[in-house]
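Note sheet for the following structure.
Computation of the quantities below employed the complete heavy-atom set of this structure, encompassing side-chain atoms and omitting hydrogens, waters and symmetry-equivalent molecules.
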Amino acid sequence: MLQKYLITSREFYSDTPAVFRNILHTQLVKHLPEYALYRDKTNSNYALQAEHFVEVCSQFENVKSFLHRDYSLAAKLGAYGVHLTSLDFSNIPKAKALGLQVVISTHSEEEVLKAEELGADYVTYSPIFTTPNKGEPKGVDSLEKIVQSTNIKVFALGGILEAKQIESVAKTGAYGFASIRYFY
């Protein structure tokens, strides 16, 4: 079964704690994702909001909480893991040493294989479909090739907004799909 990975965005989630918690809880109930990422690159109170995020996710038996980039904070707050950017390959061993599961963003077969070699547990591979400001989409054929070339769990990411796209991702053998807009 295709795993679902909800990614937050300041655009859809408030940085006011009570409002954030309510929106997050509502989306988790509505979509029942197995994975959730708190991602907000501009919140000056990221650590506080991350604490709220992990706490809300912990209310759901099957939701694994991930924090964006900050593996030390993820470990401190008891998050399931950390989601690193494609600039953070050197942090994979550091996050793993803290007992975290690691997702890392990738955009090429070379990056996927490097993530696997360094011990990451999952990759996002993107963009699969057209996504604002993310370059030329890779498409499902490229995704399928990636899935077949590695043993690491691959989440398709980028422009996934509707059921027909999810169905085409499922046919590739990908582990799951990740999205911001689909889950809002």
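- With sequence neighbours excluded, the residues satisfying side-chain contact (heavy atoms from CB on, under 4.5 Å) with Lys164 are Glu162.
- The cluster map of Ile, Leu, Val, Met, Phe, Trp and Tyr, joined by side-chain heavy atoms under 4.5 Å apart, puts Val123 and Leu118 in the same cluster.
- Under a hydrophobic clustering in which Ile, Leu, Val, Met, Phe, Trp and Tyr are joined whenever their side-chain heavy atoms come within less than 4.5 Å, directly or via other members, Ile104 and Leu87 fall into different clusters.
- The ring pair (Phe, Tyr, Trp, His ring centres under 6.0 Å) contacts involving residues 97-121 comprise nothing, where partners must be two or more places apart or lie in separate chains.
- The side-chain hydrogen bond (donor to acceptor under 3.5 Å, both in side chains) test applied to Ser14 returns Thr16, not counting sequence neighbours.
- Proximity of Tyr46 to Leu67: side-chain heavy atoms (C-beta onward) are separated by under 4.5 Å at one or more points.
- Pairs engaging residues 76-97 under the side-chain hydrogen bond (donor to acceptor under 3.5 Å, both in side chains) rule: Tyr5-His83, Arg69-Asp88, His83-Ser105, Thr85-Asp88, Asn91-Lys94, Lys96-Asp121 [sequence neighbours left out].
- The side-chain hydrogen bond (donor to acceptor under 3.5 Å, both in side chains) pairs that include a residue from residues 50-60 are Arg21-His52, Arg21-Glu55, Glu55-Gln59, where partners are two or more places apart or lie in different chains.
- Val82 has its side chain out of reach of Asp70: every pair of non-hydrogen atoms, C-beta onward, lies at least 4.5 Å apart.
- Using a 4.5 Å heavy-atom threshold, the side chains of Phe66 and Ile7 count as separate.
- By the 4.5 Å heavy-atom criterion applied to side chains, Tyr125 and Ser142 are counted as neighbours.
- Checked by atom type and distance alone, the side chain of Tyr13 never pairs as donor or acceptor with a backbone atom of Tyr38 at under 3.5 Å.
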Show every donor-acceptor pair shorter than 3.5 Å between a side-chain atom in residues 146-154 and any protein atom, with sequence neighbours excluded, or say none if there are none.
{"unit_1": "Ser149", "atom_1": "OG", "unit_2": "Glu109", "atom_2": "OE2", "d": "3.4"}
{"unit_1": "Ser149", "atom_1": "OG", "unit_2": "Ile146", "atom_2": "O", "d": "2.9"}
{"unit_1": "Thr150", "atom_1": "OG1", "unit_2": "Glu116", "atom_2": "OE1", "d": "2.7"}
{"unit_1": "Thr150", "atom_1": "OG1", "unit_2": "Ile152", "atom_2": "N", "d": "3.1"}

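- Applying the side-chain hydrogen bond (donor to acceptor under 3.5 Å, both in side chains) test to residues at least two apart or on different chains, none of the pairs has a partner in residues 127-138.
- Residues satisfying the side-chain contact (heavy atoms from CB on, under 4.5 Å) test with Glu117, not counting sequence neighbours, are none.
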Show every donor-acceptor pair shorter than 3.5 Å between a side-chain atom in residues 175-184 and any protein atom, with sequence neighbours excluded, or say none if there are none.
{"unit_1": "Tyr175", "atom_1": "OH", "unit_2": "Tyr35", "atom_2": "OH", "d": "2.6"}
{"unit_1": "Ser179", "atom_1": "OG", "unit_2": "Ile160", "atom_2": "O", "d": "2.9"}
{"unit_1": "Ser179", "atom_1": "OG", "unit_2": "Tyr182", "atom_2": "N", "d": "3.1"}
{"unit_1": "Tyr184", "atom_1": "OH", "unit_2": "Phe12", "atom_2": "O", "d": "3.3"}

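- You'll find the side chain of Leu84 reaches within 4.5 Å of the side chain of Ile92, heavy atoms only.
- At least one side-chain heavy atom of Thr106 sits less than 4.5 Å from a side-chain heavy atom of Phe89.
- The minimum heavy-atom distance linking Ala79 with Val54 is given by the pair CB-CG2, 3.9 Å.
- For Asn22, the side-chain contact (heavy atoms from CB on, under 4.5 Å) partners at least two apart in sequence or on another chain are Thr26.
- Note on Val19 and Leu48: separate hydrophobic clusters, where clusters join Ile, Leu, Val, Met, Phe, Trp and Tyr whose side-chain heavy atoms are under 4.5 Å apart, directly or indirectly.
- Under the rule for a side-chain hydrogen bond (donor to acceptor under 3.5 Å, both in side chains), Lys171 has no partner lying at least two apart in sequence or in another chain.
- Under the side-chain hydrogen bond (donor to acceptor under 3.5 Å, both in side chains) criterion, Thr42 pairs with Arg10, Asp40, sequence neighbours left out.
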